[in-house]
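To start, the structure itself, in structure tokens.
The chains referred to below are lettered A, B, ... by the order of the sequence lines, with proteins before strands, and numbering in each begins at 1.
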Protein chains: 2
Amino acid sequence: MIISYMSITYNDSLQPKVFGTVQRFIEPCILLLLSRGTSHGYGLLEDLEKHCGEKVDIGNLYRTLRKMETNGWVKSEWGVNKTGRDRRVYTITKSGLAFLERAAVSLTQTDSLIHRFFEGYKKTFQKGTSL
Amino acid sequence: MIISYMSITYNDSLQPKVFGTVQRFIEPCILLLLSRGTSHGYGLLEDLEKHCGEKVDIGNLYRTLRKMETNGWVKSEWGVNKTGRDRRVYTITKSGLAFLERAAVSLTQTDSLIHRFFEGYKKTFQKGTSL
DNA sequence: TTTAATATATGATTATTTCATATATGTCTA
DNA sequence: TAGACATATATGAAATAATCATATATTAAA
């Protein structure tokens, strides 16, 4: 999932490149959405972009869903779709809910780490510095 | 840098494994420390663990410093050390300060993304749910 | 009929992190 | 003085994660 800051990359390209994402942040996001009701890959894509305000790599999304099923956090089955092609519909499992809970706790730590950075940053740069 | 949440991994191992870190978070952290004064790799290791409260992979730290030098965010030179072996001493550059600023802005976005997740999470789970 | 939207998926590559290991210097202690 | 330990820098190899490109199928609309 694309979040966070822009920068030049390490490679030769002069193109600015997005980086600084929270690794595997998409997983708790998916689980949160599925905890409200079953959904399918493409539907999750739209919800993730709406709720997170960020672009999601569609290939990554489908691959992640399969991996999450391997982990036992979700289960899927083909659902008939009258208005289009059939969809693989995902449901959250008990194990998935438990992971979501752990992820939330852990993201609190991530959050406080970022805030610790901000505190230090403000302390250093807030008062009339040249930069 | 080790932060964030624990989980089982995708592979066969049953060992819990740390994941969910903010990618390349160590870079703005290093730059913040260097903006306060020059330092060397091992010294930064200690400061990062003290200020961030987290373990840092030493190999990753040294490699990152070299990459940051390639990017022009820091410059280094060998400094004589009377009490031990010589150290490679790093100084932040103007370009490094500029990147630090951009990173801070970007981390604000990361932060608000995590908070948006928390809001949704609380809305779904706060009121007397079974889980 | 061809374009677009919906829908799922994988191959290949790149990026990033972690784990293991190698090297060097200085201090302390048995 | 030999060995252990802390300090100090660094790279090889592997694992992990994300991105980019592409393939396929279905339906609606132009």
Side-chain angles (χ1 to χ4, degrees), chain A residues 1-5 7-13 15-27 29 39-49 54-71 76-90, chain B residues 1-5 7-13 15-27 39-49 54-71 74 76-90:
Chain A
M1 192 181 307
I2 293 169
I3 38 169
S4 201
Y5 49 99
S7 157
I8 61 164
T9 40
Y10 290 153
N11 59 36
D12 296 332
S13 98
Q15 299 301 312
K17 177 106 199 257
V18 175
F19 75 100
T21 67
V22 178
Q23 286 179 334
R24 293 170 62 176
F25 183 60
I26 199 173
E27 295 174 25
C29 289
S39 190
H40 59 284
Y42 204 84
L44 288 166
L45 177 79
E46 292 173 324
D47 287 341
L48 286 165
E49 295 190 351
E54 298 294 336
K55 289 278 175 297
V56 172
D57 183 275
I58 184 67
N60 191 37
L61 175 59
Y62 283 112
R63 225 181 311 240
T64 300
L65 282 167
R66 292 311 199 91
K67 282 175 182 171
M68 289 171 76
E69 189 163 23
T70 302
N71 285 350
S76 75
E77 51 183 17
W78 282 101
V80 179
N81 181 12
K82 273 159 262 169
T83 65
R85 63 169 290 188
D86 286 353
R87 299 153 165 172
R88 181 176 287 278
V89 178
Y90 286 89
Chain B
M1 193 181 306
I2 294 170
I3 37 168
S4 201
Y5 51 97
S7 157
I8 62 165
T9 40
Y10 290 154
N11 59 35
D12 296 332
S13 98
Q15 299 301 312
K17 178 107 200 255
V18 175
F19 75 99
T21 67
V22 178
Q23 286 181 333
R24 293 170 61 175
F25 183 60
I26 199 173
E27 295 173 26
S39 190
H40 59 284
Y42 204 83
L44 287 167
L45 178 78
E46 293 172 324
D47 287 341
L48 286 166
E49 295 191 352
E54 298 293 338
K55 290 278 174 296
V56 173
D57 183 276
I58 183 67
N60 190 37
L61 175 60
Y62 283 112
R63 221 178 318 236
T64 301
L65 283 167
R66 290 312 197 90
K67 281 175 182 173
M68 289 172 74
E69 188 161 25
T70 303
N71 285 351
V74 297
S76 76
E77 51 183 16
W78 282 100
V80 179
N81 181 12
K82 273 159 263 168
T83 65
R85 62 168 293 189
D86 286 353
R87 298 152 165 172
R88 181 177 288 279
V89 178
Y90 286 89

Could you go step by step and tell me if B:Gln23 and A:Gln23 meet the side chain to side chain contact (heavy atoms under 4.5 Å, CB included) rule? CA-CA 7 Å; B:Gln23 286 181 333; A:Gln23 286 179 334; 3.8 Å; yes
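The residue B:Gly43 sits apart from the nucleic acid: no heavy atom pair falls under 4.0 Å.
Side-chain contact between A:Val89 and A:Trp78: absent, with no pair of heavy atoms (C-beta onward) separated by less than 4.5 Å. A heavy-atom distance below 4.5 Å is not found between the side chains of B:Val56 and B:Leu44. Considering only heavy atoms from C-beta on, B:Arg88 comes within 4.5 Å of B:Arg66 through its side chain. The shortest distance between side-chain heavy atoms of B:Thr21 and A:Val22 does not fall below 4.5 Å. Using a 4.5 Å cut-off on side-chain heavy atoms (C-beta onward), B:Tyr90 and B:Met68 make no contact.
Here D:dA18 is the nucleotide among C:dA9, D:dT19, D:dA18 with the atom lying nearest to any side-chain atom of A:Arg24. Each of D:dA10, C:dA7, D:dT19 was ranked by its minimum atom distance to the side chain of A:Tyr62; first place goes to C:dA7.
Remark: P of C:dT17 and CZ of B:Arg66 are 19 Å apart, rounded to the nearest angstrom. Nucleotide D:dT7 holds its P atom 11 Å from the CD1 atom of B:Ile58, rounded to whole Å. Atom CG in A:Leu44 sits about 12 Å away from atom C1' in C:dA7, given to the nearest Å. When the C1' atom of C:dT16 is taken as reference, atom CE of B:Met68 falls 15 Å away, rounded to whole Å. Put simply, CG on B:Asp57 is 15 Å from P on D:dG12, counting in whole angstrom units. The CG atom of A:Leu61 sits 12 Å away from the P atom of D:dT19 (whole-angstrom rounding). In this structure, A:Lys67 places its NZ atom 7 Å from P of D:dA17, rounding to the nearest Å. The nearest whole Å value for the distance from the CZ atom in A:Phe25 to the C1' atom in D:dA18 is 16 Å.
In this structure, the side-chain contact (heavy atoms from CB on, under 4.5 Å) partners of A:Tyr42, at least two apart in sequence or on a different chain, are A:His40, A:Leu45, A:Glu46, A:Tyr62.
Counting atom types as modelled, B:Arg63 pairs a side-chain N or O with a base atom of C:dT18 as donor and acceptor under 3.5 Å.
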Filtered N/O pairs between nucleotides 3-5 of chain C and protein, under 3.5 Å:
none

Please tabulate the protein-to-nucleotide N/O contacts below 3.5 Å involving nucleotides 23-30 of chain D, giving atom names and distances.
from	atom 1	to	atom 2	distance (Å)
D:dA25	N3	A:Arg85	NH1	3.4

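Taking the nucleotide of DNA chain D with the nearest heavy atom to each of B:Glu46 and B:Gly59, the more 5' of the two is matched to B:Glu46.
The closest donor-acceptor contact from the side chain of A:Glu27 to the backbone of A:Thr64 lies at 3.5 Å or more, if one exists at all.
Between A:Ile26 and the options A:Leu61, A:Leu65, A:Asp57, a side chain to side chain contact (heavy atoms under 4.5 Å, CB included) holds for only A:Leu61.
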